Amino acid sequence: MAWLILFAAGLLEIAWAVGLKYTDGFTRPFPTILTVGALAASVGLLGIAMKTLPLGTAYAVWTAIGTLGTVIVGIAIAGEPASALRLASVALIVAGVVGLKLAH
């Protein structure tokens with residue numbers, strides 16, 4: 001169950017990271033409220049998952065989900081580049097997370 005909670009926390013990390021772009025420096029109230037809410041929920045779920053998962057593994061997985069998801073959203077929605085080096089770098093992050101999961 002902790003892994004599912006951690007996955008949900010990672011998805012919320014994607015939401016708040018993407019939401020930051022739409023807050024316009026925290027000057028737009030509705031996007032700001034949604035972003036801060038997603039941030040609080042993400043960190044809260046991370047804390048719950050860390051009750052049973054190792055600190056380093058949980059944090060690395062959480063940030064990796066956020067990183068991977070944010071890069072995908074950036075490419076798909078924000079028109080960011082999908083260069084080979086960028087995608088290879090994301091693949092290295094995923095490989096590292098898989099390694100941490102296997103070592104758990």
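As the structure is a computational prediction, the values presented were derived from the model and not from experiment.
In the hydrophobic cluster analysis, where Ile, Leu, Val, Met, Phe, Trp and Tyr join through side-chain heavy atoms closer than 4.5 angstrom, L20 is grouped together with I14. If you chain together hydrophobic residues whose side chains sit under 4.5 Å apart, V98 and L4 never meet in one group. Residues V61 and W16 fall within the same hydrophobic cluster, defined by Ile, Leu, Val, Met, Phe, Trp and Tyr side chains chained together at heavy-atom separations under 4.5 Å. If you chain together hydrophobic residues whose side chains sit under 4.5 Å apart, I48 and F7 never meet in one group.
The distance from atom OG1 of T57 to atom CG of L102, rounded to the nearest 0.5 Å, is 10.5 Å. Interatomic distance, L39 CG to T32 OG1, rounded to the nearest 0.5 Å: 12.0 Å. The CD1 atom of I33 sits 12.0 Å away from atom CZ of F26, with the distance rounded to the nearest 0.5 Å. E80 contributes atom CD, which lies 9.0 Å from atom OG1 of T70 (distance to the nearest 0.5 angstrom). Considering CG of L46 and CG of L55, their distance stands at 8.5 Å, rounded to 0.5 Å.
Between I75 and L87, the closest side-chain pair of non-hydrogen atoms falls below 4.5 Å. L34 places none of its side-chain heavy atoms less than 4.5 Å from the side chain of Y22. Residues I93 and L68 fail the side-chain proximity criterion, which asks for heavy atoms closer than 4.5 Å. Inter-residue side-chain proximity for I65 and E13 is flagged as unmet; no heavy-atom pair is nearer than 4.5 Å. Taking 4.5 Å as the limit, some side-chain heavy atom of W62 sits within range of a side-chain heavy atom of S42.
Here the closest non-hydrogen pair linking T52 and A2 is OG1-CB, 3.1 Å. The two residues A8 and L45 come nearest to each other via the heavy atoms CB-CD1, 3.9 Å. Across all non-hydrogen atoms, the minimal contact from L53 to A58 is CB-CB, 4.1 Å.
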